[in-house]
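Bear in mind the structure is a predicted one, so any value in this text is a computation, not a measurement.
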Amino acid sequence: MAEASDQERTEDPTSKRLIDARKKGRIPRSRELNTLVVLLTGSVAIFVFGGSIAQVLWQIMDNDFRLSRRDLFDPMAPIAHLGRDLLAAGQVLLPILGLAVLAALAAPAALGGWNFSAENLAPKPEKLNPMKGLGRMVSVQALAELVKSILKFLLIGFVSAALLMSHFDDLIALGRQPLLPAANRTVQLIMTFVFWLCASLGLIAVIDVPFQLWNHKRQLKMTRQEVKDEMRDMEGKPEVKSRIRSLQMALAQRRMMDEVPKADVIVTNPTHYAVALKYDQASMRAPRVVAKGADLVAAQIRSLAVGAGVPLLSAPPLARALYASTELGREIPAGLYFAVAQVLAYVYQIKAARMFGGDIPTPPTDFEIPDEFLRQSGDA
């Protein structure tokens with residue numbers, strides 16, 4: 001089958017296609033969002049820890065410009081000073097670096113979640129194909145990225161130029177101020193610049209995130225034939241499904257037949273239906289249907305019951321009502337309690353007569369079946 005064109009891909013991706021794409025590392029990503037989150041986190045961290053950082057850096061500079069005479073003539077002293085300075089600067093910068101790393105990890109999780117794909121690490125010869133590489137360079141995706149990069153450059157450039165022009169006098173005045181006031185003013189200007197740059201990046205991210213989500217979904221769209229093929233692969237071929245269903249039914253029927261010898265009574269139609277009932281006062285609230293069947297299955301139930309010595313009672317309306325109203329393994333409905341109680345009383349009388357001697361009781365024939373069960377079984 002020829003590969004479908006983009007115009008034919010009108011169906012939303014299925015859950016299986018989304019899972020397969022994720023396994024291959026195809027998830028929505030926005031570099032603009034990642035850059036914005038890292039920049040904002042770093043800016044906030046500098047604003048919070050900036051005072052302590054400035055103090056430590058000032059102390060480092062002060063110590064390095066106040067070297068003793070002995071250190072000046074000791075060739076190992078600069079190395080020792082450099083080591084102490086790097087350690088002190090690293091300790092004070094560690095919180096900012098740690099927050100930046102956490103932001104770099106959290107930003108992707110906010111959009112597509114964390115994902116590790118081993119398939120992307122495997123070597124793929126097609127990646128070395130120059131024709132495919134050229135195709136990716138002139139694709140719609142590449143064109144969209146180029147347009148986005150140009151717009152981002154223009155926006156950031158415009159904001160930067162506007163900031164420099166509006167604060168030009170302040171920047172020139174820094175050279176005429178004392179060191180500490182100039183440093184404080186520099187920090188203020190930097191924070192102002194960072195704020196406006198974050199705002200411009202935020203505008204880009206607001207546009208880029210929905211675009212990346214839409215583009216990711218567009219790339220995974222499917223044709224109707226692909227959806228049908230996937231459903232067929234997931235569900236299997238019809239003949240295989242039929243074979244599985246038949247095996248499941250055979251297994252369920254075998255388990256059901258194993259319960260027939262344990263039943264208390266078999267209520268029959270007498271030939272078309274057979275329902276096996278069991279009741280244990282200690283563990284059951286009401287009698288339960290442990291086996292049921294029609295025609296050949298009913299005949300097999302009756303045969304097993306006769307071989308196991310389970311009593312059979314012919315009660316056509318009750319048998320049909322039980323067969324139609326009660327699922328296998330479920331308790332009988334409350335409307336049939338009285339009729340089934342008559343059956344169980346008859347069974348207990350038979351067991352007592354066989355155990356202690358006496359006449360076999362006459363089986364009951366008049367059962368009170370509510371109209372709703374008669375209609376359900378087709379007797380109404």
Side-chain angles (χ1 to χ4, degrees), residues 16 231-355 360 363-364 367 369-370 372-379:
K16 181 180 182 300
M231 293 298 296
R232 185 174 63 249
D233 293 339
M234 292 178 62
E235 295 178 359
K237 297 181 178 179
E239 56 271 20
V240 176
K241 292 168 60 180
S242 177
R243 177 60 177 166
I244 292 174
R245 277 198 301 267
S246 62
L247 291 175
Q248 290 174 338
M249 292 176 61
L251 181 60
Q253 184 172 334
R254 191 178 302 117
R255 288 198 299 263
M256 182 183 73
M257 293 302 178
D258 291 340
E259 296 295 324
V260 172
K262 306 174 187 178
D264 292 319
V265 64
I266 309 297
V267 183
T268 66
N269 191 34
T271 56
H272 295 296
Y273 295 99
V275 180
L277 298 175
K278 182 175 179 59
Y279 180 54
D280 184 359
Q281 294 182 357
S283 60
M284 299 179 185
R285 297 180 302 175
R288 184 173 298 169
V289 174
V290 295
K292 68 175 186 176
D295 299 328
L296 293 178
V297 178
Q300 188 176 359
I301 291 175
R302 291 194 302 271
S303 176
L304 289 174
V306 171
V310 179
L312 277 72
L313 175 64
S314 176
L318 179 59
R320 288 192 292 269
L322 288 170
Y323 184 87
S325 65
T326 310
E327 296 293 333
L328 188 65
R330 298 294 182 89
E331 295 177 351
I332 65 172
L336 297 177
Y337 280 0
F338 186 75
V340 173
Q342 291 178 265
V343 174
L344 293 177
Y346 166 70
V347 171
Y348 296 152
Q349 290 173 4
I350 291 178
K351 290 181 178 180
R354 291 175 179 175
M355 185 177 299
I360 300 298
F367 297 99
I369 310 297
E372 57 181 297
F373 294 102
L374 293 176
R375 287 193 297 269
Q376 190 173 357
S377 61
D379 287 342

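- Annotation: side chain of D295 is in contact with side chain of H272 (closest heavy-atom distance under 4.5 Å).
- When every heavy atom of A294 is checked against every heavy atom of Y323, the shortest pair comes out as CB-OH, 3.9 Å.
- In this structure, the side chains of L277 and L322 come closer than 4.5 Å at one or more pairs of heavy atoms.
- Here the straight-line distance linking atom CZ of R320 with atom CD1 of I369 works out to 10.0 Å at 0.5 Å rounding.
- Taking NZ of K351 as the start and OH of Y348 as the end, the distance is 6.5 Å to the nearest 0.5 Å.
- Between V290 and K262, every side-chain heavy-atom pair lies at or beyond the 4.5 Å cut-off.
- To the nearest 0.5 Å, the span separating CD on E331 from CG on L336 amounts to 13.0 Å.
- Every residue was checked against the side-chain hydrogen bond (donor to acceptor under 3.5 Å, both in side chains) condition with D264, not counting sequence neighbours, and none meets it.
- Considering only heavy atoms from C-beta on, V297 comes within 4.5 Å of M256 through its side chain.
- Within the 4.5 Å cutoff, side-chain heavy atoms of F367 are placed close to those of V343.
- Scanning all heavy atoms of the two residues, the minimum distance from A339 to L318 falls at CB-CD1, 3.9 Å.
- For the residue pair G293 and A298, the shortest heavy atom distance occurs at O-CB, 3.5 Å.
- Note that OG1 of T268 is 7.0 Å distant from CG of L313, once rounded to the nearest 0.5 Å.
- Within 6.0 Å of CG in L251 there are more than 12 heavy atoms belonging to other residues, nucleotides or ligands.
- The minimum heavy-atom distance linking L312 with V306 is given by the pair CD1-CG2, 4.2 Å.
- With hydrogens and angles disregarded, no donor-acceptor distance shorter than 3.5 Å links the side chain of K278 to the backbone of E259.
- We find the CG-CZ distance between L328 and R288 to be 10.5 Å, quoted to the nearest 0.5 Å.
- In plain terms, the two heavy atoms of A286 and Y279 that are nearest each other are C-CD1, 3.6 Å.
- Across every non-hydrogen atom of K292 and I301, the tightest pair is C-CD1, 3.6 Å.
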